[in-house]
Amino acid sequence: MGSLMMRELVEMHHEFVRCYGPDRDQSPLWMEGEKLKKLMSVLQKIMTEDEGNNNLAALVSLYSLDNIEECMQKIQHVKYGEEVCFNGMLMLKACSSGLELGNCVWTIKGPRASMTCLPSSIFVSAHALDFDYSSLMGNDVILFSDFSSLNGMDDGMDEDESIKFLCSNDDIAEEVERISFICSCITDAINSGGSVLIPIGRLGIILLLLEHMSETLHSSNMKVPIFMISETAEEMITFTNALPEWLCKSRQEKLFSCEPLFGHVELLKEGKLSLFPHLYSKGLLEAWKEPCIVFCPQWSLRHGPAVHLLHRWRADKRCLLVLEQGVDAELTLKPFMPLAIQVLGCSFLSGIKVGKIDPLLGLLKPKLVLFPEGQKSLCPATDKHPWSFLYYTKGKTIEVPNMREEFEVRMTTEVAFGLQPRQLDKTTAVARLKAKLLLSNGQYVLAAAKSQLDRSERHLLHRGTVDASLIPSALQEKGIVCSFSADADCSAPSDRERVISITSPGEALVKVTSERSSIYCDDEKTAERVYDALRSICNGI
């Protein structure tokens, strides 16, 4: 789908150049306003100074079709829930954000931390697959990259209440209500004899509008042609009805029931919806009839068929232009002034509402949340939150603290089978090994070393408690004369200190407890003989 969108932009750019020429000596008249002059001076300052060293001055020509082909060869396709490895260090996994085709929540897991990259998301959608909570729970860091602030906070929810609140159908009802209102405005414009231009780029919104328009036309028995004019219209419509992975469960079930996934399929069959690549397509010229409804995905109104159609209808007050809010309407419409056409600004659900942020974080249980500095007032750090906040600014690097003091290391089968563990207690065993520490699939792995240490040559490591009752015989075997102190009792509890006095071949003292054995001796040779005697009754690995 990204390839189709890039191809369409290249085609529209070529059309623009054919129409207006490759270069202009001066700006068009509509760019002579004071606001635009200030904008141009700001842009020029950024380009020349580039204080952030962002290479903004290195502007190049728009990419070509060959560039797109080369780009797509470097793309690795993944499915929702499919884990892929990057550079042996990171495991990446995408899941649905609930918003739109191609908009994903990404989980990045490494050996020392896990992160959720959370873009604009919707928890329950009328068309896209619902937001996937399960794969995001327990990740150390959450990076918020965007959201819409529409409601206040909700506190004091437990996990079940949070899930119920997040998964409520309020958002769907709200979205359907908006689209129904847009359809009623479109119907009014058509009834008055005007045409409707809809330059909206979000594919999911286009499909929902077409679906509701199909129902509206059917119920009102209206006969009005609907055109979608885009270089990639036919391919995109075909793909959206054949790729169920990104769609909600109810629409996926339609595929297995051999039903169309969206209502526009019926419009195509009935000939009410026509798809054309260009405004000058022969078929469109033959089928053209006004009033009509035209979908063009070029929301910027700077190139493509939407520009020509808006010039055609701008002076007709019966006509309607539908724009998505978030676009600077004053700047967007400046080249077409003066306007008589009706302009309807529509706000579609495009992110997480503020009221749902706290319940979401309470459900996901992160250790750290990275939040935009500009939205700090909406989600300030407080003592009631078990997670910490760090606020980031675009273009500036922030240091994220280490989330895990400990980490797991896995063994290869070869290493595991070569171990000779000794049991320390009921729950712990210890073994000695020589291995290489590698990083594979986001985890540390112990792999067998090329050369193993010769067991006959290696120096033993000793552990465990010395049995005091075995010490006299072990010392006597080494020719050492010893005796227990007068108050020593070999049958006493093992945590009691025992003292052994050595008189020959030199004087020494050995103290034994459950935690350590200590040798006190001024003569180095005598100390070594005592040490060898004690080592003979210790476990070695």
How close do [X] and [Y] get, counting heavy atoms only, and between which atoms?
{"X": "Leu284", "Y": "His278", "result": "CD2-O, 3.6 Å"}
{"X": "Glu100", "Y": "Gly204", "result": "OE2-N, 2.7 Å"}
{"X": "Thr332", "Y": "Arg302", "result": "O-NH1, 2.9 Å"}
{"X": "Ala94", "Y": "Cys104", "result": "CB-CB, 4.1 Å"}
{"X": "Ala447", "Y": "Leu438", "result": "CB-CD1, 3.7 Å"}
{"X": "Cys292", "Y": "Ser195", "result": "N-OG, 3.1 Å"}

Walk me through whether Glu8 and Met12 qualify under side chain to side chain contact (heavy atoms under 4.5 Å, CB included).
CA-CA 6 Å; Glu8 182 174 41; Met12 289 189 298; 4.2 Å; yes

So with a 6.0 Å cut-off around [atom1] of [X], is the heavy-atom count from everything else above 12?
{"X": "His218", "atom1": "NE2", "result": "no"}
{"X": "Phe86", "atom1": "CZ", "result": "no"}
{"X": "Tyr444", "atom1": "OH", "result": "yes"}
{"X": "Met1", "atom1": "CE", "result": "yes"}

Hydrogens and angles aside, do Glu211 and His264 bring a side-chain donor and acceptor to less than 3.5 Å of each other?
no

Drop me the distance from [X]'s [atom1] to [Y]'s [atom2], to the nearest 0.5 angstrom.
{"X": "Cys185", "Y": "Ile190", "atom1": "SG", "atom2": "CD1", "result": "12.0 Å"}
{"X": "Phe371", "Y": "Leu361", "atom1": "CZ", "atom2": "CG", "result": "7.5 Å"}
{"X": "Lys93", "Y": "Thr116", "atom1": "NZ", "atom2": "OG1", "result": "9.5 Å"}
{"X": "Asp188", "Y": "Cys183", "atom1": "CG", "atom2": "SG", "result": "11.0 Å"}
{"X": "Leu197", "Y": "Arg314", "atom1": "CG", "atom2": "CZ", "result": "13.5 Å"}
{"X": "Ile205", "Y": "Phe348", "atom1": "CD1", "atom2": "CZ", "result": "5.0 Å"}

Does any part of the side chain of [Y], heavy atoms only, come nearer than 4.5 Å to the side chain of [X], both counted from C-beta?
{"X": "Pro260", "Y": "Glu266", "value": "yes"}
{"X": "His77", "Y": "Ile75", "value": "yes"}
{"X": "Leu207", "Y": "Leu261", "value": "no"}
{"X": "Asn139", "Y": "Lys109", "value": "yes"}
{"X": "Ser184", "Y": "Thr187", "value": "no"}

Going by the angle between their ring planes, with limits at 30° and 60°, are [X] and [Y] parallel, tilted or perpendicular?
{"X": "Phe131", "Y": "Phe123", "result": "perpendicular"}
{"X": "Tyr391", "Y": "Phe389", "result": "parallel"}
{"X": "Phe276", "Y": "Phe227", "result": "tilted"}

Which residues share a ring pair (Phe, Tyr, Trp, His ring centres under 6.0 Å) with Trp313, sequence neighbours left out:
none

Using the rule given for side chain to side chain contact (heavy atoms under 4.5 Å, CB included), can you reason through Asp132 versus Ser96, listing the C-alpha separation, both sets of side-chain angles and the distance that settles it, and then say yes or no?
CA-CA 6 Å; Asp132 183 6; Ser96 175; 5.6 Å; no

Between Met5 and Met236, does the side chain to side chain contact (heavy atoms under 4.5 Å, CB included) criterion hold? Intermediate values first, please.
CA-CA 9 Å; Met5 294 174 183; Met236 293 179 76; 4.1 Å; yes

Verify side chain to side chain contact (heavy atoms under 4.5 Å, CB included) between His212 and Val176, making sure each step is shown before the conclusion.
CA-CA 9 Å; His212 281 76; Val176 170; 3.8 Å; yes

